[in-house]
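Read the structure below first, then the notes.
Below, chain A is the first sequence line, B the second, and so on; all start at residue 1.
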Number of protein chains: 2
Amino acid sequence: MQLNRTAYVVLGMIRLGRRTGYEIKSLVDVSTRFFWAASYGQIYPELRRLEEAGLIEGEDDPESGRRRRSYRLTAAGERALHDWLTSPEPHVLELRDEGVLKFFFADALDPDEQIALLRRMRERYEGVSERLEAIQPGAQAARDARGEEFAYFTLEWGISHAGFMADWCSRMERRVAASR
Amino acid sequence: MQLNRTAYVVLGMIRLGRRTGYEIKSLVDVSTRFFWAASYGQIYPELRRLEEAGLIEGEDDPESGRRRRSYRLTAAGERALHDWLTSPEPHVLELRDEGVLKFFFADALDPDEQIALLRRMRERYEGVSERLEAIQPGAQAARDARGEEFAYFTLEWGISHAGFMADWCSRMERRVAASR
DNA sequence: TATAGCATGTAATTAGTTACATGATTAA
DNA sequence: TTAATCATGTAACTAATTACATGCTATA
């Protein structure tokens, strides 16, 4: 059975505990979104496909009257997730960074414009860093309460990665300014 | 006129000199590919659209008998490229890194599997680094000959970025191994 | 009572890849 | 002569986003 990557995001999120589509989307938006985004338009159809394939099992839990369907992993789903995590297949690795793309073509700009571009790139990454730092307390709590260590390590990675990019922009701003 | 990002890749490549679709694809594959990929299936239709929009102008140059059509920027094309490069619109910034995604869910793995995952991630980035270093001599020549300074800076960025990722994997491998 | 949030979903669109077809030229 | 490279292109498909529709519940 061929699964796309987003299917594994869904399986992974459900593995952490019974989840609704809405909850999966909320979790994605404060975690994997920074290295693997997913929208409602993918998640809900994916939940149906995964249930048909027997990898997850849904249950309607009214909870109060509001319509709500939450899912848990089946043994087959657990296996599929583990197989993917340990699979030796080369990892998908795609970066689409419009800032770097513009920078690549920045010979067409004059020095002031080049510096302005770098400043915008830097501010972009500083913004990412801030949003990640805002998430940190919650992630720390999840780590301590439910032992989600690697999710926390990944957040650390995100912060240092955004920091690396912002620093690189700073250094380049100074370099361009110096040679102006 | 709404242009997609790949249109700007095409415009930017043509700005560096008269180019065929084939040449654009070859250039993309050794440069922007690492932060903005593009396939034939995008490039050829895009060339036609850009010509219809009057941003580029194609000319058949038989050169020998082989069918061949090369393009140059029009004044409008030059302007469109410059407007995009200086536009204050927020940059598209998307990362899809299956290694980091797996790492995020790696609480489901045992320590040996976690370390194996990190090793695969590291080797992936080391491979990127090697490919970029192989490109360096050519990029250096282009910088010296045609003053493509920012293209060269971008290559430097790529190498240090891949280095950052590989180093992060190394550190994490040691950290996981230590706590095993 | 109104607004924010919970919750599910889809239709239309855009973006992008893959795989193929075609044929010429150049170098081994 | 054969394989690699130059060169153009498209059809089919997969992936993903955007924008919308629907309706409930809790809180200010």
Non-hydrogen side-chain atoms of A:Lys102 and B:Phe150 separated by less than 4.5 Å: no
A:Arg72 and A:Ile56: CA distance, side-chain angles, deciding distance, side chain to side chain contact (heavy atoms under 4.5 Å, CB included) verdict: CA-CA 6 Å; A:Arg72 61 167 194 82; A:Ile56 60 177; over 6 Å; no
Quiz item: cation-pi between B:Arg19 and B:Tyr71, 6.0 Å / 45°: no
Parallel, tilted or perpendicular: rings of A:Tyr40 and A:Tyr22 (30°, 60°): parallel
Distance-only donor-acceptor check, side chains B:Ser70 and B:Arg18, under 3.5 Å: yes
A:Tyr152 vs B:Phe104 side-chain heavy atoms within contact, under 4.5 Å: no
Axis-to-axis angle between the two ends of the helix from C:dT1-D:dA28 to C:dA28-D:dT1 (five base pairs per end, rounded to 10 degrees): 30°
Between P of D:dA16 and CD of B:Glu94, the distance in whole Å: 10 Å
Whole-Å gap separating P (C:dG9) and CD1 (A:Ile24): 11 Å
Nearest-neighbour nucleotide for the B:Arg66 side chain, D:dG9, C:dG9, D:dA7 considered: D:dA7
Interatomic distance, A:Asp29 CG vs D:dT17 C1' [rounded to whole Å]: 13 Å
Close side-chain approach of A:Asp60 to A:Arg68, heavy-atom, < 4.5 Å: no
Residues B:Thr6 and B:Glu46: side-chain donor-acceptor under 3.5 angstrom: no
Phosphate OP1/OP2 of D:dG9 contacted by B:Tyr40 side-chain N/O (<4.0 Å): no
Phosphate-side-chain proximity, B:Thr20 and D:dC6, N/O vs OP1/OP2 below 4.0 Å: no
Distance flag, aromatic centroids of A:Phe103 and A:Trp168, threshold under 6.0 Å: yes
Under-3.5 Å N/O pairs linking protein and nucleotides 14-16 of chain C:
residue	atom	partner	partner atom	Å
C:dG16	OP1	A:Arg96	NE	2.9
C:dG16	OP1	A:Arg96	NH2	2.7
C:dG16	OP2	B:Thr6	OG1	3.2
C:dG16	OP2	B:Gln42	NE2	3.1

Rounded interatomic separation in angstrom, taking CZ from B:Arg33 and C1' from C:dT17: 13 Å
Whole-Å gap separating C1' (C:dT8) and CD (A:Glu46): 16 Å
Contact under 4.0 Å: B:Arg48 side-chain N or O vs D:dT10 OP1/OP2: yes
A:Tyr22 side-chain N/O to C:dT8 phosphate OP1/OP2 under 4.0 Å: no
